[in-house]
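Hydrogens, waters and symmetry mates play no part in the numbers below; they use all other heavy atoms, side chains included. Letters go in sequence order (proteins before strands), and every chain restarts at 1.
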Number of protein chains: 2
Amino acid sequence: MSDTTATDGRVIGERALQTRRRILETTAALLREQGALDLKVMDVAREVGASPATFYQYFADVEDAIFALSVEMIEKVAPIHAQMAADWNEGASGLDHARRLVSEYTDFWDVNGAVLRIMLLRADERDERFRQIRRDYNAPFMTAMVAKVRAAQDSGRLTTALDAEATAGAMLAALDRLPNYREGFEKRGTSREAMIETVARLLYSSLTGEPFG
Amino acid sequence: MSDTTATDGRVIGERALQTRRRILETTAALLREQGALDLKVMDVAREVGASPATFYQYFADVEDAIFALSVEMIEKVAPIHAQMAADWNEGASGLDHARRLVSEYTDFWDVNGAVLRIMLLRADERDERFRQIRRDYNAPFMTAMVAKVRAAQDSGRLTTALDAEATAGAMLAALDRLPNYREGFEKRGTSREAMIETVARLLYSSLTGEPFG
DNA sequence: TCGTCTATCTGACGGATTGTCAGAACTGAA
DNA sequence: TTCAGTTCTGACAATCCGTCAGATAGACGA
């Protein structure tokens, strides 16, 4: 069922699993170093120290390997989902919880950005396979945030002029894009902490209706 | 100076200019259809009806052509900058102006998204060439938004706990990513208008300190 | 009209990458 | 050690890359 298979469909054993993993790690590393546009199967194979034929035994092409890495993002991000769900249910100081969420998610981007960027790109480019993964990856964030917005709206603290989905989406957009602007920010005097504080406050206010101050 | 040159550096004439343009338009079209990851020089050349050698006369590779398209985005987006600057200086009903900005920028993304996505991707991947273009492309938005935030903070309407650059960046993030989520939104009942209204209100409130309601 | 000059384009090439086999090498069990 | 199943790879045809030298086309003067 969830057994890993080779491109010919057969279930693979321990040795093959390790090879597959080395290919994935190498793909991720090269992705970080040189980006996706000119990442070749040959580059990965050379770096792994294997024949290109070995690569093709596990993945159809480089994009397919990045797809596998994207799938793994879903479980890698799960602890952040869990933390968020736990925090937000107990209902205590929301702003601190928002700070923690933004901080942890920014760290997550710093580590996994290279893969996440291609996942989002291919989903944006209408690839259905990646769209499904993007949905699964985003869903817990979206669900939690939409619920927050609806709750705030139901209790009258937040205007219903805001669409709950769109509000959550906008906050997710900030979470996903701001790590990519951090270097530029820092060059102009906006520290990582200031960025996190700002996004946390925007997030908190947009989801609860509390004023920014 | 701003004359267009071939890869060997010579300034090109009228006929060559048309060839170059056909290559660029074809690249943009194929980018929309099949995305960037497996867009080959051969694909473009075939579609243009020219030899690959002709392509290489004007661009080093596909990415280089996308770079040229990215450069063109700067002047293509200028009218939206201008409209925004004009609107925001006269100081009248800010929310309506925000609506117009979001609406027009969403349309801009619908037309030019394929190129914008790669511009942002390559900049995110630390390519200095694309980073420069991204800066130039974003600068007018950022400058105007940062000024708005600072003004609101100076007059005491907005908390200084928000960093001006980060706030502007977060709003830009929403503008840049939400068009990519629109199809998903619409499938779940959030119309284009609702999305625009929401982003406009978030933008307006974050830049002015006015409450969401 | 014709020939010439120059800008532009391309056929053809060596080299690299892609993707696919059949079979070689490895592994663990008997 | 032998054997059977698993995993890996050399070798190949097909395609793509990137670069020439030379072919072609358009402008212009005679």
Task: Shortest non-hydrogen contact between B:E165 and B:V146, atoms and distance - done: CA-CG2, 3.9 Å
Open item on the list: Output the rounded distance in Å from CZ (A:R22) to C1' (D:dC8).
Closed with: 11 Å
Task: Whole-Å gap separating C1' (D:dA11) and CE (A:M42) - done: 13 Å
- [ ] State whether a side-chain donor-acceptor pair under 3.5 Å links B:R192 with B:S103.
- [x] yes
Open item on the list: In whole Å, I'd like the distance from the CD1 atom of B:I12 to the C1' atom of C:dC9.
Closed with: 13 Å
- [ ] Classify the angle between the aromatic ring planes of B:F55 and B:F59 as parallel (below 30°), tilted (30 to 60°) or perpendicular (above 60°).
- [x] tilted
Task: Listed nucleotide nearest any side-chain atom of B:A53, set C:dT10, D:dT7, D:dT9 - done: C:dT10
TODO: Specify the residue among A:L39 and B:G13 whose closest nucleotide of DNA chain C lies further upstream toward the 5′ end.
DONE: B:G13
- [ ] Among A:T27, A:T54, A:L24, find the one that has a side-chain contact (heavy atoms from CB on, under 4.5 Å) with A:V44.
- [x] A:T27
Open item on the list: Can you tell me if A:R46 touches the phosphate of C:dT17, counting only side-chain N or O atoms and a distance under 4.0 Å to OP1 or OP2?
Closed with: yes
Task: Per A:T54 side chain, nearest of listed nucleotides D:dG26, D:dT9, D:dC16 - done: D:dT9
TODO: Provide, to the nearest angstrom, the distance between the CD atom belonging to A:Q18 and the P atom belonging to C:dT27.
DONE: 11 Å
Task: Atom-to-atom span, CG of A:D8 to C1' of C:dA22 - whole angstrom - done: 14 Å
Task: B:E14 CD - C:dT8 C1' separation (whole Å) - done: 13 Å
Open item on the list: Taking 4.0 Å as the cut-off, does a side-chain nitrogen or oxygen of A:R15 come that near to OP1 or OP2 on C:dG28?
Closed with: no
- [ ] State whether A:Y56 places a side-chain N or O below 4.0 Å from either non-bridging phosphate oxygen (OP1 or OP2) of D:dT9.
- [x] no
TODO: To the nearest Å, give me how far apart CG (B:D38) and P (D:dT15) are.
DONE: 16 Å
TODO: For B:D43 and C:dT18, give me the distance from atom CG to atom P, rounded to whole Å.
DONE: 14 Å
- [ ] Mind checking A:A6 for me? I need base, sugar-phosphate or nothing, with any heavy atom below 4.0 Å counting as a touch.
- [x] nothing
Task: Whichever of B:T19 and B:K40 has its nearest DNA chain C nucleotide further upstream toward 5' - done: B:T19
- [ ] Quick one: sort the B:W109 and B:Y105 rings into parallel, tilted or perpendicular, breaks at 30° and 60°.
- [x] perpendicular
Task: Presence of B:Y58 side-chain N/O under 4.0 Å of C:dT8 phosphate oxygens OP1/OP2 - done: no
